[in-house]
Enquirer: 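Provided herewith is a single structure, encoded as structure tokens, for subsequent inquiry.
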Amino acid sequence: MSKAAELAKMGEVLTNSQIGGRRNMVINGAMQVAQRGTSGSGVQGYPACDRFQYNLAGTVGASTVTQNTVTDLPSFTKSFKVDVTTADASLATSDRLSISYKLEGLDVQGIGKGTSSAKELTLSFYIKATKTGTQIVELFDHDNTRHCAKSVTINSSNTWEFKTIKYPADTTGAFDNDNANSLSIFFGLAVGTNFTSGTLATAWAANDNTNRFVGQVNHFDNTDNNFEITGVQLEVGSQATPFEHRSFGEELALCQRYLYYQEAGNAFQRFAAGFMSTATVCEGYVETPVTMRAAPALITTGTVANYAVYVNNAVVQCSALTFQRSSGTVIQINGTISSNTTARGAVIMANNNDAVFLSYDAEL
């Protein structure tokens, strides 16, 4: 092949549908963003890294989940780490614990699932676990209740290993083109026999729970066990490409579609400016940095006494703090106070407490 032909071929490869443009469908795959905090107890929800859920059904031991600082993996500085604090070597049949990542339908249309042009998917990630053996990672189609599960082997204890998994194209069942959860990635941690007693669903099929995590090792069978992942990348195509590092600012903005977090930081932090719509109710308005996925739920810390309305040059403790409505980029919250006032301008704020926060949760 001539030099000119080689250069032309290189240009073709670099601009094809897999490598050209944004490749990674996973937000925060390098675990850089942790708006809620860097550590939490292992219970259902999002205790650490944004977008990655500690997904628990049943009761499986106990753990601490952290956004861990990584020093032994080039190009990565953070991971999602599960540290087992209470072992569970005898799992109940219905127990199911995994780390999950959810994608909304609007973001998976390029897969072409459910059409004759459906594309293969490749998942790549770094994993470091105390327990060696079979690791199951499942893709689950929530719109059509279909799934495909693949296995990789953790070869060396407490050692970073790079894994790639290829998932076949699925010409059955298109994803809904909406902002609801269409596709999830599940990294198995500890699962009971209700999910392991069948045959692993290595091809797309109608969901059968017994075929979801066949062969999965129990990462919770010893308190010495840890489990970490980072560099998670899901892309269209049959080949894993180098991890797509994005700037922290870009990853934060992508995460803020699902969670916007306001931390006090000082004792009388102002959260929402507004006005007294009645003698006892302050309408406060928060402008979010990006359009949120859906109307969020308001999450507060501590008791309502930690919040106040600043009105008439005075700090008046709230008796209620409630979410009212959202336009996508503007959220209204109401702070209720007991004292009457004829003033108009007012601000919802922290009530002499620098540890409180307000967060607006629109997670899938």
Side-chain angles (χ1 to χ4, degrees), residues 15-29 33 46 50-53 55 98-125 137-150 165-187 201 203-208 212 232-241 244 246 250-260 288-297 325-331 360-364:
T15 57
N16 70 22
S17 61
Q18 184 174 357
I19 298 177
R22 174 165 291 170
R23 293 171 283 111
N24 192 4
M25 289 185 281
V26 172
I27 296 168
N28 201 31
V33 181
Y46 296 84
D50 279 39
R51 307 288 1 267
F52 285 83
Q53 183 185 44
N55 193 286
S98 62
I99 298 170
S100 67
Y101 181 90
K102 301 175 181 179
L103 296 96
E104 58 183 290
L106 292 169
D107 292 335
V108 294
Q109 296 304 308
I111 298 171
K113 191 175 181 299
T115 73
S116 59
S117 301
K119 300 175 178 65
E120 295 175 279
L121 293 170
T122 298
L123 179 73
S124 57
F125 55 94
V137 187
E138 177 196 45
L139 297 187
F140 198 99
D141 168 6
H142 296 273
D143 294 325
N144 303 284
T145 322
R146 292 171 63 77
H147 67 144
C148 182
K150 297 280 191 173
I165 302 175
K166 298 177 184 180
Y167 297 89
D170 187 15
T171 57
T172 300
F175 290 127
D176 295 341
N177 189 30
D178 59 20
N179 66 347
N181 183 19
S182 284
L183 178 66
S184 288
I185 307 168
F186 291 100
F187 295 85
W204 283 99
N207 178 54
D208 181 334
R212 295 183 65 182
V232 181
Q233 179 155 294
L234 181 68
E235 55 193 313
V236 170
S238 60
Q239 182 176 344
T241 63
E244 182 183 31
R246 294 190 281 256
E250 187 175 3
E251 291 283 26
L252 175 60
L254 292 170
C255 290
Q256 286 173 332
R257 174 169 172 79
Y258 304 91
L259 178 79
Y260 178 49
T288 60
V290 300
T291 301
M292 300 199 75
R293 181 190 66 85
R325 62 181 62 87
S326 170
S327 68
T329 56
V330 178
I331 298 168
Y360 310 91
D361 192 333
E363 277 289 355
L364 289 160

Enquirer: For residues Glu235 and Thr241, is any side-chain donor paired with an opposing acceptor at under 3.5 Å?
Expert: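 Yes, a side-chain donor-acceptor pair sits under 3.5 Å.
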Enquirer: With a 4.5 Å heavy-atom cut-off, do Tyr258 and Ile27 have their side chains touching?
Expert: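 In short, these two side chains touch, coming nearer than 4.5 Å.
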Enquirer: Is the backbone N or O of Leu121 less than 3.5 Å from a side-chain atom of Lys166, with the two atoms forming a donor-acceptor pair by type?
Expert: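 No: the side chain of Lys166 does not pair with the backbone of Leu121.
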Enquirer: Atom CG of Asp50 and atom CG of Leu252: how far apart are they, to the nearest 0.5 Å?
Expert: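 Those atoms lie 8.0 Å apart.
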Enquirer: Quick one: does Thr122's side chain get under 4.5 Å of Val236's, heavy atoms only?
Expert: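 Not in contact.
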Enquirer: Considering residues at least two apart in sequence or located in another chain, which fulfil the side-chain contact (heavy atoms from CB on, under 4.5 Å) criterion with Ser116?
Expert: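 Here no residue qualifies.
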Enquirer: Whether the side chain of Trp204 engages the backbone of Pro168 through a donor-acceptor N/O pair (distance < 3.5 Å, no angle test) should be reported.
Expert: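 A pair under 3.5 Å: yes.
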Enquirer: Examine distances only and state if a side-chain atom of Asn24 and a backbone atom of Glu244 form a donor-acceptor pair shorter than 3.5 Å.
Expert: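 Checked: no pair found.
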Enquirer: Show your working on side chain to side chain contact (heavy atoms under 4.5 Å, CB included) between Leu254 and Asn28 and close with a plain yes or no.
Expert: CA-CA 8 Å; Leu254 292 170; Asn28 201 31; over 6 Å; no
Enquirer: So, are Glu363 and Lys102 salt-bridged, with charged N and O less than 4.0 Å apart?
Expert: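 A salt bridge is absent here (no side-chain N lies under 4.0 Å from a carboxylate O).
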Enquirer: Would you give the length of the straight line joining atom CD1 of Ile165 to atom SG of Cys148, rounded to the nearest 0.5 angstrom?
Expert: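 That separation rounds to 9.5 Å.
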Enquirer: Checking Arg146 against Phe140: charged group under 6.0 Å from the ring centre and within 45 degrees of the axis?
Expert: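 No.
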Enquirer: Would you compute the distance between atom CG of Leu139 and atom CZ of Phe186 and round it to the nearest 0.5 angstrom?
Expert: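 Going from CG on Leu139 over to CZ on Phe186, the span is 10.0 Å.
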Enquirer: Run through Val108, Asp107, Leu106 and flag the one making a side-chain contact (heavy atoms from CB on, under 4.5 Å) with Ser182.
Expert: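 Among Val108, Asp107, Leu106, the one that satisfies the side-chain contact (heavy atoms from CB on, under 4.5 Å) with Ser182 is Val108.
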Enquirer: For the side chain of Asp143 and the backbone of Asp176, is there at least one donor-acceptor N/O pair under 3.5 Å apart?
Expert: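 Checked: pair present.
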Enquirer: Would you call Arg257 and Glu104 a salt bridge, using N to O less than 4.0 angstrom?
Expert: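 Result for this pair is yes, salt bridge flagged.
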Enquirer: Any side-chain heavy-atom pair from Thr288 and Tyr360 closer than 4.5 angstrom?
Expert: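 Side chain of Thr288 against side chain of Tyr360, heavy atoms only: no contact under 4.5 Å found.
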Enquirer: Without swapping roles, check the side chain of Asn179 against the backbone of Arg293 for a donor-acceptor pair under 3.5 Å.
Expert: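 Confirmed, Asn179 side chain pairs with Arg293 backbone.
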Enquirer: Does any part of the side chain of Leu364, heavy atoms only, come nearer than 4.5 Å to the side chain of Arg51, both counted from C-beta?
Expert: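 Heavy-atom side-chain distance check passes, below 4.5 Å.
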Enquirer: Would you give the length of the straight line joining atom CD of Glu138 to atom NE2 of His147, rounded to the nearest 0.5 angstrom?
Expert: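 It is 6.0 Å, given to the nearest 0.5 Å.
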Enquirer: Taking all atoms of both residues into account, what is the closest heavy-atom pair of Asp141 and Gly173, and its distance?
Expert: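 Residues Asp141 and Gly173, closest heavy atoms: OD2-O, 3.9 Å.
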Enquirer: What distance do Ile99 atom CD1 and Phe52 atom CZ have between them, rounded to the nearest 0.5 Å?
Expert: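 Result: 8.5 Å between the selected atoms.
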Enquirer: Apply side chain to side chain contact (heavy atoms under 4.5 Å, CB included) to residues Ile111 and Leu183 and explain how you reach the verdict.
Expert: CA-CA 11 Å; Ile111 298 171; Leu183 178 66; 4.3 Å; yes
Enquirer: Would you say Asn144's side chain and Ala174's backbone share a donor-acceptor pair under 3.5 angstrom?
Expert: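 Indeed, once roles are kept as given, a pair shorter than 3.5 Å links the two residues.
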Enquirer: Would you check if the side chain of Glu120 reaches a backbone N or O of Gly237 as a donor-acceptor pair within less than 3.5 Å?
Expert: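 Flag not set: sc Glu120 to bb Gly237 has no pair under 3.5 Å.
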Enquirer: Test side chain to side chain contact (heavy atoms under 4.5 Å, CB included) on Tyr260 and Asp361; report intermediate values, then the result.
Expert: CA-CA 7 Å; Tyr260 178 49; Asp361 192 333; over 6 Å; no
Enquirer: Is there a donor-acceptor pair under 3.5 Å between the side chain of Ser327 and the backbone N or O of Val330?
Expert: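 Here the side-chain-to-backbone pair exists.
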Enquirer: Applying side chain to side chain contact (heavy atoms under 4.5 Å, CB included), run through Leu123 and Val232 and close with a yes or a no.
Expert: CA-CA 7 Å; Leu123 179 73; Val232 181; 4.1 Å; yes
Enquirer: Look at the aromatic rings of Phe187 and Phe125 and report parallel, tilted or perpendicular, splitting at 30° and 60°.
Expert: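 The arrangement is perpendicular - the two ring planes meet at more than 60°.
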Enquirer: Going by side-chain hydrogen bond (donor to acceptor under 3.5 Å, both in side chains), Lys113 matches just one of Thr172, Asp170, Thr171. Which one?
Expert: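 The passing option is Asp170.
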Enquirer: Under 3.5 Å, is there a donor-acceptor pair linking the side chains of Gln233 and Ser124?
Expert: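 The criterion, which ignores hydrogens and geometry beyond distance, is not satisfied for Ser124 and Gln233.
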Enquirer: Looking at Val26 and Arg246, what are the two nearest heavy atoms and their distance?
Expert: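 Scanning both residues completely, I find the closest heavy atoms to be O-NH2, 2.8 Å.
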Enquirer: I'd like to know if the side chain of Ser98 and the backbone of Ser100 have a donor-acceptor N/O pair within less than 3.5 Å.
Expert: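 Not at all, since once roles are kept as given, no pair shorter than 3.5 Å links the two residues.
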